[in-house]
Every structure is written in C-alpha cells, then in structure tokens.
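What follows is a single structure, written as structure tokens, with notes after it.
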Amino acid sequence: MSASQNLRRGEVAIRHLSKSYRLNGTPLPVLRDINLNIRSGETLAIVGASGSGKTTLLRVLAGLEDPDAGEVLIDGKRTRGVGTDRAVIFQEPRLLPWLTVLDNVGFGLETQGLFRGAARERARRYVQLVGLQQFEGAYPRQLSGGMAQRVGIARALAVQPEILLLDEPLGALDAMTKISMQQELARIWRDEDVTTVLVTHDLEEAIYLADRILILPREKGGEPRLIEIGLPRPRDRSAPEFVRHREGLLHLFGLH
Amino acid sequence: MSYEHVNTSLAAGFGLGRAEGHSTAIPAIASRWRALIGFIVARYGLVLGFLAFWQLSSTVGWVNPAVFPPLDVILSALWSGLASGALLDDIAISLQRSGIAFAAAVAIGIPLGLFMGQVRFVEQALDPILQLFRQTSALALYPVFILMLGLGETSKVFVIFWATLFPILLSTIGGVKEVDNKLVEMARTYGAGPLTVFRRVVLPASVPAIFVGLRLSATTALLLLIAAEMIGANKGIGFQVMNAQYNFQIPLMFAAILLLALLGLAANALLVLAQRNLCRWSQPNA
Ligand SMILES: Nc1ncnc2c1ncn2[C@@H]1O[C@H](COP(=O)(O)OP(=O)(O)OP(=O)(O)O)[C@@H](O)[C@H]1O
Ligand SMILES: [Mg+2]
C-alpha cells in the first residue's frame, strides 16, 4: 500500500444529502442538503435535539438507508448500501445470544471470510483491548450492560474498519460506567487510527471525545453548525477551555 | 484519605463474611440434603401420593378392583407382557408408526417453515389454508385418509404425520418471523449476505421456537397413534388398550396405558435433553 493511499483512508465526503421519511402519507423532511467533509482519522461528534435526524444521518452513512438526493463518498468512491469499510456500533449492543463473547467479537471477521479458528485468534486481541479477557467464554446474558456494549465495540474494531459509526453507544449506561467507557474509547482511538462518527446527546461526551462537533438544527429550516474542539488530549473535563466549550454549546441550544 | 477509610472497612466486612462461611460448611451439606428431599417432595409428591392412594383404595376395596386393579397387579401384567415378548411387538409397531410420521413431519415441517417464515408473500398466501387445515381435527379427517389410502399402515402413518406437521410448521414459521430484525441488520453491516444471515442469525434464533413445536408434536403423535390403532389395527399399544378392555383383561389394559404414558414422558425427556444441548446459551445456569 502506498503512502498516498494510506493518507486517504477513511475520508468521508457528504454532498447535498437529503432524506425524508413518509409519515401518514405526507413527506417528513429530516435531512436537508447536508454538506460535510470528514477528515481521515478524525472523530466527529453529531449532536442535536431529539428527532433532528442524527440517527438518520448515521444510517445513511452506514448504508442502511438510501438518501433521497445527494451522495456519500468514501475515499472518493460513491457508497452503495452497506460495506465492510464501515462498522456500526448501535445504541444497543446487538450481540448474538447464542455466541460467546469471543465468538461475538469474531463474528464480523467470520462473515468477512476468516475461518473460526483464525477469527478467534484475532478476536482475542480485541477482547483484551476492551478488558474482557476473563469473560471470553461467557454468553451475552451473563454480561452487564456496559460489558455487552464493550463487546459490541470490540466486534466493530476487530474488523479494522476505515470508518467507525456509533449511535449513542453509551446512552444506556449509568454515569460512572459512562465516564470510564469514555476514557476507554479515548484510549482505544489513540491507538487505533480510525475515522469516527459519534452520535450523542451528551454534550460533555462530544467535547471530551471529538475533534469536531456537528450540530444539527432543531428547526427544519436551520443550518447545521460545525465546531472545532482544539483541546489537547487527554482532556480534562474541569479545564477552563473545556467548560467554555460546554457553555458555548449549551448557549447554542438556548439553554443558558 | 476518607475514601481509603471506606475501602478498608469494606474489606474487613468481606473478610468477616468469608470466615462465617467456613464455619458453616458441615451444616451446609445437611441443608443441601434437606433441600434435595424438599425438591423431590415438591415435584413428585403429588404423583407419589396419587399412586399410593390408588394402591390403597384398590386393595382395601374403596373402588372396584375389577375396574381399578391394584398397581402391583398392573405392574406384573406389564412385566409378563414384556417378558413373554407379546407387548414388545406392539411397542415396536407403535414406535415405527409414530416414528416414521414424526420424522416425516420434522423433515418437511422445519425446512418448509424456515422457508415460509422468510418469504413474506409465500407465508401470506399459505396462511389462510394453513389455519383452515390446522383447525380441522386430524381425527375427523382420518376417515378421509382411510378412503384415500386404505385401512393399512399408510393411512395410520399419514394421519399421525398430518397432525404432527402443523405444530412443527407453525412454530418454525413463528420462530423465523420473530427473529430480531436488529440482529439481521447488524449482520448485514458486517457483510453477511442472505445465506449467511440465514445460517448465522435466523436459524439459531429459531431453534427454541422449533423445539416448542417438536415437543407439542411428540405429544400429538402419541395421541393420534392411539386413535389410529383403535380403528382397524391388530397390533400396537393402542390396539392392546382396546383389545384388553374388550377381553376384560383390565390389568393388561392399564399396563398398556401406563406404557403409553411412559413413552410420552421418554419422548419429552429426549427432546428436553436435545434442547438443553442445542440451546445452552439460553439456560440460566448452564
Ligand atoms: N423509519 C422511519 N420512518 C418514518 N419516520 C422516521 C423513521 N426513522 C426516523 N423517522 C423520523 O425522522 C426524524 C428523525 O429521526 P432520528 O431517529 O434520525 O432522530 P434522532 O436525532 O436520532 O433523535 P434521537 O436523539 O431521539 O435519537 C424523526 O422525526 C422521526 O420521526
Ligand atoms: Mg437517534
């Protein structure tokens, strides 16, 4: 692989993207003419009010929904449907209950052609990465919510995608587990250089993890806004700049 | 620091708990025995009580022993039937009839159900006729099958097959339709095509529902077996029930009934065992 190819890995371009659903026969516009470049290796957070279309945008990026107009380009190539260059981490862990932790993590590797033995071997590394080596042989029903979500994250990382798409992955966790998982994600992303799109409704999470934050407008006519978080890592939630970012965001949502 | 203080006092608390656990080790064994006996009484107490009551009332004469013979008489009738080999033939032919019918129902019902559950328009097209067939008692159709297939083995096997097919078919369809679409979506994002989705997600997710159908079918198979063997048969456990009653060999009649009950229990136990092995992931304490 040449250096120039390496540099372009996981670059996303969203061009004039529009999407509406039909609700009781009438069209419900959700996304209107979105234009955005996501840089290779960066973490982009998407925040916005409930119903502003965050999940819809992520599902279009994943290829699970088709846009009505516009296109998504990955490394310059137009996407058509789902692809193994992207991995999705949903709000629920979506583990297969009949597979052990190890085989769940290896699932994506197997569907992409690895034999079970080889998949397990590689999956083991990622089980360790999320700190679940003791639970390799456990079934999903034996895991706590946070552990299950970590398995889902490991499964996504194991296929070494160019782009990682996360839809409120920590939304269902309690405050303490959430913070420790945020720290864990920050550590993982430092080591695995992967382009990341993180949908969240937690502003602090967005500031803690993201390079940039996309704010989807509340009203359908409004313009999306993009904010650069230039803070050094690891980030300190109580640092004055961090707090200033949070207040700025709250202000944007009219909450201050 | 105050936090560390909390930590040490917690550790002390755990240590205390462990020490207590050790000193109660011997009484724990006794209490486990008590728990086991309690479990047996709770689970089988009523059955044992019922059997004891039967034996008592028959020997004392609360009921007519000619109609309800004591259990020991029934058991010795069963034993002599087995030892002489007379009942063994009946067991063999009954097992053959219900076995062939059940196997055919499994071989057709599961693949068909898996297919119908996946392809919506097929399911929608076939559902009304399935419901109609299911609601029509197989016993009511038995005369039709006899007309079609004669009074021999074929119609007997077919009526059992017919009755066992629907529980398997319908629960398999139900199992496939209830597969969590979110899991299917997840598999697709990892590049799984339709065949892989079926093999890795739909099939394993349907197994518990399929087993519900299998167990229902096994019960139905024995039910229909008896009915089929009561009409135009000269062998089989069901035939023995009728024949013994006709010849007033009441102990033998009860022996045959007991045999049927045991057969049903054995079939169910076998299926439960298979289910345990195949669905270890869904058991709370596996
Ligand atoms: N499958 C669907 N069919 C019809 N309408 C839909 C569908 N999915 C989403 N919508 C509508 O699209 C709009 C945006 O939904 P979306 O799930 O993208 O919001 P969101 O920003 O993720 O909200 P939340 O923060 O609550 O998750 C909502 O008004 C919703 O009603
Ligand atoms: Mg959402």
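In this text, all values refer to a predicted model and were calculated from it rather than measured experimentally. First the proteins, then the strands, lettered A, B, ... as listed; each starts at 1.
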Please tabulate, for side-chain N and O atoms in residues 176-183 of chain B, each donor-acceptor pair with protein atoms closer than 3.5 Å (sequence neighbours left out).
from   : atom 1 : to     : atom 2 : distance (Å)
B/K177 : NZ     : B/E123 : OE1    : 3.4
B/K177 : NZ     : B/E123 : OE2    : 3.4
B/D180 : OD1    : B/K182 : N      : 3.0

By a 4.5 Å heavy-atom criterion (distance strictly below it), what part of [X] contacts chain B: side chain, backbone, both, or neither?
X	answer
A/V159	side chain
A/L99	side chain
A/R155	both

Residues in residues 204-227 of chain B near chain A [non-hydrogen atoms, under 4.5 Å] |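 Within residues 204-227 of chain B, near chain A: B/P204, B/A205.
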Taking everything shown except [X] itself, do over 12 heavy atoms lie less than 6.0 Å from its [atom1]?
X	atom1	value
B/L132	CG	yes
B/F115	CZ	no
B/I129	CD1	no

Taking the side chain as C-beta and beyond, is there a heavy-atom pair between B/M186 and A/L96 under 4.5 Å?
->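 The answer is yes, as the side chains (C-beta and beyond) meet within the 4.5 Å cut-off.
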Heavy-atom side-chain proximity of B/Y190 to A/T84 below 4.5 angstrom |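 Counting from C-beta outward, B/Y190 and A/T84 never come under 4.5 Å.
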Could you give me the CA-CA distance, side-chain angles and deciding distance for A/R59 and B/E185, then say whether side chain to side chain contact (heavy atoms under 4.5 Å, CB included) is met?
-> CA-CA 11 Å; A/R59 288 178 62 85; B/E185 204 176 71; 2.8 Å; yes
Nearest 0.5 Å please: distance from the OG1 atom of A/T100 over to the CZ atom of B/R280.
->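 Here the interatomic distance stands at 12.5 Å.
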Nearest heavy-atom pair of A/L64 and B/R188: which atoms, and what distance?
->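 Shortest heavy-atom contact: CD2-NH2, 3.8 Å.
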For B/V197, is it the side chain, the backbone, both or neither that has a heavy atom under 4.5 Å from a heavy atom of chain A?
->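 Neither the backbone nor the side chain of B/V197 comes within 4.5 Å of chain A.
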B/T189 versus chain A, heavy atoms under 4.5 Å apart: side chain, backbone, both or neither?
->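 Both parts, heavy atoms under 4.5 Å.
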Name, in order of residue number, those residues of residues 121-134 of chain A that have a heavy atom at a distance of less than 4.5 Å from a heavy atom in chain B; otherwise write 'none'.
->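 From residues 121-134 of chain A, none sit under 4.5 Å of chain B.
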Would you please name every residue forming a salt bridge (Lys or Arg N to Asp or Glu O under 4.0 Å) with A/R150, sequence neighbours left out?
->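 For A/R150 the salt bridge (Lys or Arg N to Asp or Glu O under 4.0 Å) partners, ignoring immediate neighbours, are A/E184.
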